[in-house]
Asks: 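Sharing a structure with you now.
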Amino acid sequence: MALTQEFFAGDTVKVARSLLGKYLVRRYGEVVLAARITETEAYIGRMDKACHAYQYRKTERTKVLFAPPGTVYVYLIYGMHCCLNLVTEPEGEPAAVLIRAVEPRYGLNEIAKNRFGRDAEELTTYQRKNFLNGPGKLCAGLKIDRSLNALPFGSPELEVCGRLSEAGLPDCSADKQKLEIQVSKRIGIDYAEEAVDFPWRFTIAPKA
């Protein structure tokens with residue numbers, strides 16, 4: 001069972017932090033892929049100059065941010081890379097969490113083929129290190145594109161679960177350890193004036 005819609009209706013910063021350690025489950029055709037969320041960023045339109053809907057700016061692009069919580073918001077950067085966001089807070093309040101990085105947990109070979117066109121065992125050391133550690137990279141690996149923009153909460157094509165078993169997949173025992181979370185400033189938003197300093201980026205600390 002996926003996370004509830006009420007989970008996404010909460011405070012965006014808290015949701016961004018709480019999403020760490022949860023799982024994205026992507027389905028298309030007969031394919032099922034899953035990845036653990038390891039990095040997120042919060043964006044809140046009412047007061048955040050880094051948010052596309054700052055001061056409730058509604059356009060054809062940003063109208064999805066006003067949708068019900070849990071709605072999928074996918075946009076392009078540099079005209080070529082997709083970024084996955086999950087809408088938060090009550091409907092009409094533009095806010096979302098950007099999923100910045102994930103770790104593969106199910107369907108590794110298919111994810112590797114989507115990302116690099118080869119099986120996982122054929123990946124180079126560089127490719128393994130830079131597999132899904134960025135918003136465009138994870139979208140490529142999980143085959144997330146603009147066709148999923150505005151996908152409603154509860155759609156089987158993309159859901160977020162607390163445990164893989166909730167999606168009918170085997171749980172990963174290595175993920176049961178307590179999370180150590182790093183908090184920092186968001187990146188790539190130099191234009192956002194005072195919002196540059198908001199500590200709204202959350203990352204699972206790498207294991208020692």
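Just so you know, residue 1 is the first one in the sequence shown, and it goes up from there.
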Asks: Under the side-chain contact (heavy atoms from CB on, under 4.5 Å) rule, what do Leu142 and Asn114 come out as? Steps first, then yes or no, please.
Replies: CA-CA 7 Å; Leu142 299 180; Asn114 289 340; over 6 Å; no

Asks: Among residues two or more places apart or on two chains, list those pairs meeting salt bridge (charged side-chain N to carboxylate O under 4.0 Å, His left out) that have a residue in residues 186-198.
Replies: Asp48-Arg186, Lys49-Glu193, Lys49-Glu194, Lys185-Asp197

Asks: What are the two closest heavy atoms between Glu89 and Gly10, and how far apart are they?
Replies: CG-O, 3.3 Å

Asks: Measure the acute angle between the ring planes of Tyr56 and Phe66, then classify it against the limits of 30° and 60° as parallel, tilted or perpendicular.
Replies: tilted

Asks: Is there a path from Tyr23 to Leu20 through hydrophobic residues (I, L, V, M, F, W, Y) whose side chains come within less than 4.5 Å of each other?
Replies: no

Asks: Okay, side chain of Thr38, backbone of Ala101: is any donor-acceptor separation there less than 3.5 Å?
Replies: yes

Asks: Please tell me whether Val13 and Val196 are part of a single hydrophobic cluster in this structure, the criterion being side-chain heavy atoms less than 4.5 Å apart.
Replies: no

Asks: Filter on salt bridge (charged side-chain N to carboxylate O under 4.0 Å, His left out), then keep only pairs touching residues 121-143, sequence neighbours left out; what's left?
Replies: none

Asks: So which heavy atom on Ala67 is nearest to which on Val87, and how close?
Replies: O-CG1, 3.5 Å

Asks: Locate the shortest heavy-atom distance separating Pro90 from Ala9; write the atom from each residue and the value.
Replies: CD-O, 3.6 Å

Asks: Kindly compute the distance separating CG (Leu86) from CG (Leu151), expressed to the nearest 0.5 Å.
Replies: 10.0 Å

Asks: Is it true that a side-chain atom of Glu39 and a backbone atom of Arg201 form a donor plus acceptor pair closer than 3.5 Å?
Replies: no

Asks: Here's a test for you: under side chain to side chain donor-acceptor pair (under 3.5 Å), which of Thr12, Asp11, Thr71 qualifies with Thr88?
Replies: Thr12

Asks: Does CD in Glu180 sit with more than 12 non-hydrogen atoms of other residues, nucleotides or ligands closer than 6.0 Å?
Replies: no

Asks: Keeping the roles fixed (side chain from Arg46, backbone from Pro94), state whether a donor-acceptor pair exists under 3.5 Å.
Replies: no

Asks: A side-chain contact here means heavy atoms from C-beta on lying under 4.5 Å apart; do Gln182 and Pro206 qualify?
Replies: yes

Asks: Is there a side-chain contact between Arg118 and Thr124 (heavy atoms, below 4.5 Å)?
Replies: yes

Asks: Using modelled atom types only, decide if a donor and an acceptor are shared between the side chain of Asp171 and the backbone of Ser165 within a distance under 3.5 Å.
Replies: yes

Asks: Can you pull out every salt bridge (charged side-chain N to carboxylate O under 4.0 Å, His left out) where at least one residue sits in residues 51-74? Sequence neighbours excluded, please.
Replies: Glu60-Lys63

Asks: If we only count heavy atoms from C-beta on, is the Val97 to Phe202 side-chain gap below 4.5 Å?
Replies: no

Asks: Can you run down the ring pair (Phe, Tyr, Trp, His ring centres under 6.0 Å) pairs that involve residues 154-201, sequence neighbours left out, and say none if there aren't any?
Replies: Phe198-Trp200

Asks: Could you give all pairs that pass the salt bridge (charged side-chain N to carboxylate O under 4.0 Å, His left out) test and reach residues 15-26, with sequence neighbours left out?
Replies: none

Asks: Using a 4.5 Å cut-off on heavy atoms from C-beta on, say whether the side chain of Arg100 contacts that of Ile187.
Replies: yes

Asks: Determine the minimum heavy-atom distance between Leu33 and Gly141, stating which atoms define it.
Replies: CD1-O, 3.9 Å

Asks: Do Val25 and Glu166 touch side chain to side chain, with heavy atoms closer than 4.5 Å?
Replies: no

Asks: Out of curiosity, does Tyr73 fall in the hydrophobic cluster containing Leu24 (side-chain heavy atoms, cut-off under 4.5 Å, transitive links)?
Replies: no

Asks: Are Leu132 and Val160 in one and the same hydrophobic cluster, where Ile, Leu, Val, Met, Phe, Trp and Tyr link if side-chain heavy atoms are under 4.5 Å apart?
Replies: yes

Asks: Heavy-atom distance under 4.5 Å between the side chains of Asn85 and Val64, does that happen here?
Replies: no

Asks: Donor-acceptor pair, Asn149 side chain versus Val74 backbone, under 3.5 Å?
Replies: yes

Asks: Quick check: are there more than 12 heavy atoms from other residues, nucleotides or ligands sitting under 6.0 Å from OH of Tyr106?
Replies: no

Asks: Check salt bridge (Lys or Arg N to Asp or Glu O under 4.0 Å) between Asp175 and all other residues, then give those that pass, not counting sequence neighbours.
Replies: Arg36, Arg105

Asks: Following the transitive rule for hydrophobic clusters with a side-chain heavy-atom cut-off under 4.5 Å over Ile, Leu, Val, Met, Phe, Trp and Tyr, establish whether Val102 and Leu98 coincide in one cluster.
Replies: no

Asks: Tell me, do Leu19 and Leu3 make a side-chain contact under 4.5 Å, heavy atoms counted?
Replies: yes

Asks: Between Ile144 and Cys82, is there a side-chain heavy-atom distance shorter than 4.5 Å?
Replies: no

